[in-house]
Amino acid sequence: MLKRTHTCGDLRKENVGQKVTLNGWVKNWRDHGGLIFIDLRDRYGVTQIVFNPQTNHENYEKAQALRSEFVIAVSGTVHVRPEGSANPALSTGEIEVAVDQLEILNPSKTTPFEIKDNIDVKEELKLTYRYLDLRRDELQNNLLLRSRLYSVVRNYMHANRFVEIETPVLMKSTPEGARDFLVPSRNYHGRFYALPQSPQTYKQILMVSGFDRYFQIVKCFRDEDLRKDRQPEFTQIDIEMSFVDENDVMSVSENLVKAIYKEIKNTDIDFDFPRMTYEQALMEYGSDKPDTRFDLKIQHFTSVFESGGFKTFARIAQEGGVVAGLKIADDGSYGRAKIDRLNDRVKSQGGPGLAWFRMNSGNLEGPIVKFLGESEKEELKKQANLQDNDLLFLLGGEKEKTLQILGNLRLHLAEQLGLIDENKDTFLWVVDFPMLEYDEDEKRYAARHHPFTSPQPADMDRLESEPASVRARAYDLVINGNEIAGGSIRIHRRDLQQRVFRMLNISDEEAEHKFGFLMGALEYGAPPHGGIAFGFDRLVMMLTGARSIRDVIAFPKTSSALSLMDGAPSTVSDAQLRELGLIAIKKDN
RNA sequence: GGUCCGGUAGUUCAAUUUGGUUAGAGCACCUGCCUGUCACGCAGGAAGUUGCGAGUUCGAGUCUCGUCCGGACCGCCA
């Protein structure tokens with residue numbers, strides 16, 4: 001074949017007169033009868049090539065067969081384009097290649113969708129023909145940026161004396177947390193490996209081994225349902241450090257993020273990332289990952305309704321719940337129907353009815369105004385600082401749940417009202433997380449982060465007496481309302497680890513069975529250590545502006561966890577199952 | 001596991017609130033013409049199991065039920 005001397009993004013005026021060879025795909029063809037133009041594409045760019053029957057009639061005849069997405073090789077001479085026919089939209093737009101040799105390397109069937117940007121095609125079709133979708137600039141650019149990000153991260157980590165170590169993909173199942181993907185063992189029927197939810201235990205053990213500063217860009221697997229920012233397999237930048245406290249890990253992380261923004265976006269971040277406690281995040285933003293690109297904070301009115309005429313709110317207030325809400329300036333578009341849709345939204349998230357008030361010429365209006373006394377109305381107006389045309393949405397109920405629903409409503413309203421400045425980036429550390437959260441289904445407390453997270457020293461004496469009040473030495477990095485990284489200072493002593501397992505209602509036997517290897521390691525001079533893990537795919541989403549995690553992963557799964565291109569997961573032969581000692585049971589639908 | 005939205009030529013959509021003649025259009029595709037286009041242009045053409053399966057009806061793209069697939073969300077994601 002004719003091998004390329006240049007890529008389709010290389011040639012400029014300076015190359016005029018040179019004899020060159022290009023390889024690429026036919027992006028577009030324009031047959032003028034006496035002259036054929038082809039836009040030839042590779043991942044570097046697009047170059048126009050011209051077939052002229054007077055230059056070479058045989059080639060010209062051959063070129064008439066060219067269609068979209070044929071792969072070809074052409075040799076020819078670089079020409080300046082005639083006066084007035086340059087294309088300023090192309091970096092190669094001042095030149096073209098006059099072809100004197102054409103080789104069709106492979107024809108192409110008509111593609112199921114056009115290979116161009118801003119196409120509007122069903123996700124299903126794009127995923128089935130992923131190799132075609134990946135030819136589009138948008139996805140190419142995403143993956144090229146992703147590739148650069150690997151490099152930036154590795155450079156930064158190596159420059160800061162971190163050691164890159166691979167940990168096993170086949171490991172022991174530790175079913176605290178997410179559901180494991182299991183891999184049956186052929187050698188030991190009835191036993192299973194698990195794919196790592198994260199290399200957590202391995203990296204802690206590497207600290208025990210003295211590796212001091214570890215990192216890895218690593219695949220993690222969680223068998224849970226998907227979202228637009230969640231895939232069952234995803235990539236983390238996994239980091240662990242010895243002889244450190246929270247500030248050391250956060251500082252390394254901040255500087256990594258700053259290096260990334262500098263290298264990828266050429267943006268200097270010259271401030272320290274602000275910190276916010278979990279409590280404040282929940283109270284003001286209804287989220288543990290507040291989007292601080294806009295204000296619209298949650299306002300609290302529990303005390304206003306405590307002894308008032310609206311019995312529902314009064315009862316909630318007296319029983320320790322909250323009454324809180326969001327105030328927006330209505331541009332006149334919030335009619336009854338729109339408010340009803342907001343209400344449906346709240347209800348679909350398990351919330352109660354959404355109460356609302358409107359300020360109209362100094363008067364408070366709304367369906368529950370009639371239950372309120374004069375002093376309550378005045379107090380509400382005053383505390384909410386209600387001005388004319390302000391709309392106030394209120395929700396009452398159990399604290400955490402109510403605030404979370406308001407947090408979701410806050411994001412929704414911000415989108416509706418166009419409050420989010422897409423060009424702004426906000427960085428935030430959320431700290432002082434509670435150690436535990438209550439698991440309604442299992443009626444017990446579970447670790448909010450993971451069971452190896454150290455409690456805060458000040459709360460240590462309440463581990464047994466008041467576990468719900470114990471805060472963790474954990475920290476999350478939030479960028480534009482996305483949880484980008486999360487980590488903690490770990491427990492490095494066996495006795496404390498054992499106390500925490502007991503606090504989590506994990507018996508000594510169970511702890512030994514599941515995590516005995518880790519606790520054993522803690523008994524041999526485990527140094528104080530802590531770390532963090534970044535969601536690599538989410539970082540790429542942030543940096544590319546991708547709307548879905550599928551757009552930053554080469555071969556993603558659908559929201560029902562299927563791979564449409566290759567058909568995974570698939571059935572396997574009885575022989576394969578027999579070898580593994582397995583029997584497949586069909587799911588009865 | 002649940003809720004909502006969607007599935008009609010290759011593709012993106014349409015098909016009169018309320019079931020009724022031969023299911024239309026843009027792009028793509030095919031044929032012909034065209035020497036400066038780059039969203040080339042002009043003329044013509046082909047293209048449909050309305051996701052699948054039942055049901056209601058004289059009659060179903062349209063209504064009902066089931067099912068599959070895509071998407072978003074809730075649960076889940078230590």
Side-chain angles (χ1 to χ4, degrees), chain A residues 27-40 46-55 60 67-69 79 81-90 92-93 96 98 109-129 174-180 197-198 200 220-232 234 341 344-351 401 404-405 408 411-412 433 435-437 439-442 445-453 472 474 483 486 488 500 504 506 514 535 547-548 550 557-560 562 564 589:
Chain A
K27 181 183 184 215
N28 197 11
W29 54 284
R30 296 176 293 279
D31 183 347
H32 284 238
L35 203 58
I36 298 173
F37 296 101
I38 302 280
D39 295 331
L40 194 65
V46 174
T47 300
Q48 175 166 283
I49 63 178
V50 194
F51 293 88
N52 190 325
Q54 287 164 359
T55 315
Y60 172 78
R67 292 295 179 270
S68 294
E69 302 308 315
H79 286 222
R81 294 203 196 177
E83 189 70 29
S85 62
N87 184 349
L90 284 183
T92 61
E96 63 193 8
K109 297 206 289 187
T110 301
T111 53
F113 51 87
E114 294 176 65
I115 314 300
K116 61 182 187 187
D117 279 346
N118 302 317
I119 51 168
D120 186 9
V121 182
K122 284 189 187 65
E123 194 77 10
E124 190 176 353
L125 196 66
K126 292 199 289 183
L127 289 172
T128 305
Y129 296 94
T174 53
E176 282 291 304
R179 197 177 289 115
D180 278 330
Q197 298 172 28
S198 85
Q200 184 61 35
C220 301
F221 306 86
R222 294 179 190 174
D223 190 3
E224 298 294 347
D225 287 341
L226 295 82
R227 288 289 187 278
K228 69 175 172 204
D229 62 350
R230 261 168 41 191
Q231 283 272 310
F234 61 99
R341 278 201 300 278
D344 289 344
R345 202 182 164 79
V346 165
K347 281 184 176 158
S348 79
Q349 294 172 23
K401 173 141 197 171
Q404 277 170 9
I405 293 172
N408 285 337
L411 294 175
H412 183 68
F433 283 88
M435 281 280 280
L436 303 177
E437 63 190 343
D439 186 326
E440 284 291 345
D441 294 336
E442 300 198 19
Y445 285 104
R448 179 179 283 272
H449 190 54
H450 58 56
F452 319 113
T453 300
E483 186 193 329
S488 64
V500 168
L504 294 168
I506 298 172
K514 286 178 178 170
R547 287 182 308 278
S548 163
R550 292 185 298 274
K557 311 274 186 293
T558 66
S559 71
S560 55
L562 298 174
L564 294 181
N589 292 308

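Residue numbers start from 1 in every chain, and the chains themselves are labelled A, B, ... in the order their sequence lines are given, proteins ahead of strands.
Taking atom CG of residue A:Leu125 and atom P of nucleotide B:U11, one finds them 6 Å apart after rounding to whole Å. As a whole-Å value, the separation of A:Arg345 CZ from B:C73 C1' is 8 Å. Rounded to whole Å, atom C1' of B:C77 lies 9 Å from atom CZ of A:Phe234. At whole-Å resolution of the value, CD in A:Glu224 and P in B:C73 are 16 Å apart. At whole-Å resolution of the value, CD1 in A:Ile119 and P in B:C13 are 12 Å apart. As rounded to whole Å, 12 Å separates atom C1' of B:A72 from atom NE2 of A:His412. In this structure, the CG atom of A:Asn52 is 15 Å from the P atom of B:U37, given to the nearest Å.
An OP1 or OP2 oxygen of B:G70 is reached within less than 4.0 angstrom by a side-chain nitrogen or oxygen of A:Thr558. The shortest distance between the side-chain N/O atoms of A:Arg67 and the OP1/OP2 oxygens of B:C30 is below 4.0 Å. At least one side-chain nitrogen or oxygen of A:Arg30 sits closer than 4.0 Å to the OP1 or OP2 atom of B:C40. Listed pair A:Ser559 / B:G71 meets the phosphate criterion, a side-chain N or O lying under 4.0 Å from OP1 or OP2. OP1 or OP2 of B:C73 sits under 4.0 Å from a side-chain N or O of A:Lys228. For A:Thr111, no side-chain nitrogen or oxygen approaches OP1 or OP2 of B:A28 to under 4.0 Å. The shortest distance between the side-chain N/O atoms of A:Trp29 and the OP1/OP2 oxygens of B:A39 is not below 4.0 Å.
Taking only distance into account, the side chain of A:Arg222 never meets the base of B:C76 through a donor-acceptor pair shorter than 3.5 Å. Between the base of B:C38 and the side chain of A:Arg81 there is a donor-acceptor pair shorter than 3.5 Å. Between the side chain of A:Glu114 and the base of B:U11 there is no donor-acceptor pair of N/O atoms closer than 3.5 Å. A donor-acceptor contact under 3.5 angstrom links the side-chain atoms of A:Glu96 to the base of B:G36. Under 3.5 Å, the side chain of A:Arg550 and the base of B:G70 form no donor-acceptor pair of N or O atoms.
Between B:U64 and B:G19, the distance separating the two P atoms is 11 Å to the nearest Å. With both ends at atom P, the span from B:A23 to B:A47 equals 13 Å, rounded to whole Å. For the C1' atoms, the distance from B:A60 to B:G20 is 10 Å, rounded to whole Å. Rounded to whole Å, the P atom of B:C30 lies 24 Å from the corresponding atom of B:G24. When the C1' atom is compared between B:G55 and B:U62, the two are found 15 Å apart, to the nearest whole Å. Here, B:G7 and B:U16 have their P atoms 14 Å apart, quoted to the whole Å. Taking atom C1' in both B:G32 and B:C68, one finds a spacing of 44 Å when rounded to whole Å. Taking the P atom of each, B:G26 and B:C65 are spaced 37 Å apart, rounded to whole Å.
Among the heavy atoms of the strands lying under 4.0 Å from A:Phe37 is at least one base atom, whether or not backbone atoms are also near. In this structure, A:Ala86 reaches the bases: a heavy-atom distance under 4.0 Å links it to at least one base atom across the strands shown. Contact annotation for A:Gln48: base contact, defined as any heavy-atom pair under 4.0 Å involving a base atom. A:Ser198 comes within contact range of at least one nucleobase, with a heavy-atom separation under 4.0 Å. Across all strands shown, A:Leu226 has no heavy atoms under 4.0 Å from either base or sugar-phosphate atoms. Residue A:Gln54 is classed as a base contact, given a heavy-atom separation below 4.0 Å to a base. At a threshold of 4.0 angstrom between heavy atoms, the contacts of A:Thr110 are confined to the sugar-phosphate backbone, with no base atom among them. Residue contacts shown for A:Pro82 include a base, since a base heavy atom lies under 4.0 Å away. Residue A:Ser560 is in sugar-phosphate contact alone, with no base atom involved, counting any heavy-atom pair closer than 4.0 Å across all strands shown. When heavy atoms are screened at a 4.0 angstrom cut-off, A:Leu564 is found touching the sugar-phosphate backbone but no base atom. Among the heavy atoms of the strands, none lies under 4.0 Å from A:Asp223.
For the pair A:Arg547 and A:Asp120, both in contact range of RNA chain B, the more 5′-proximal nearest nucleotide belongs to A:Asp120. The nearest heavy atom of RNA chain B to A:His450 and to A:Asn87 marks one nucleotide each, and the one closer to the 5' end goes with A:Asn87.
Base pairing annotation: B:G75 forms no Watson-Crick or G-U wobble pair, as no partner gives both donor-acceptor distances under 3.5 Å. The base-pairing partner of B:A47, taking Watson-Crick or G-U wobble contacts with both distances under 3.5 Å, does not exist among the strands shown. As the counterpart of B:C33, B:G41 is assigned, both hydrogen-bonding distances of the Watson-Crick or G-U wobble pattern falling under 3.5 Å. Pair assignment for B:G6 gives B:C69, based on Watson-Crick or G-U wobble hydrogen-bonding distances that are each under 3.5 Å. With a cut-off of 3.5 Å on both pairing distances, the Watson-Crick or G-U wobble partner of B:G24 is B:C13.
Across B:G70, B:G75, B:G36, the shortest atom-to-atom separation from the side chain of A:Leu562 is found for B:G70. Listed nucleotides B:G70, B:C40, B:U11 differ in distance to A:Glu123; the shortest reach to its side chain belongs to B:G70.
Between A:Arg230 and A:Asp225 there is no salt bridge, since no side-chain nitrogen of the basic residue lies less than 4.0 Å from a carboxylate oxygen of the acidic one.
The salt bridge (charged side-chain N to carboxylate O under 4.0 Å, His left out) check on A:Asp180 picks up nothing, with sequence neighbours excluded. Residues satisfying the side-chain hydrogen bond (donor to acceptor under 3.5 Å, both in side chains) criterion with A:Arg227, sequence neighbours excluded, are absent altogether.
Looking only at side-chain heavy atoms (C-beta outward), A:Leu564 and A:Glu124 come within less than 4.5 Å of each other. A:Tyr129 has its side chain out of reach of A:Thr111: every pair of non-hydrogen atoms, C-beta onward, lies at least 4.5 Å apart. A:Arg30 places a side-chain heavy atom less than 4.5 Å from the side chain of A:Gln48. Considering only heavy atoms from C-beta on, A:Ile119 comes within 4.5 Å of A:Lys126 through its side chain. Contact annotation: the side chain of A:Arg179 never approaches that of A:Pro232 to less than 4.5 Å [non-hydrogen atoms, C-beta and beyond]. Within the 4.5 Å cutoff, the side chain of A:Glu114 has no heavy atoms near those of the A:Ser68 side chain. In this structure the side chain of A:Gln231 reaches within 4.5 angstrom of the side chain of A:Arg550, judged on heavy atoms.
Interatomic distance, OG1 of A:Thr453 versus CG of A:Leu436, reported as 10.5 Å (0.5 Å rounding).
The local environment of CG in A:Asp117 is crowded, with over 12 non-hydrogen atoms from other residues, nucleotides or ligands closer than 6.0 Å.
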Under 3.5 Å between N/O atoms: give me all the protein pairs with nucleotides 2-7 of chain B, atom names plus distance.
none

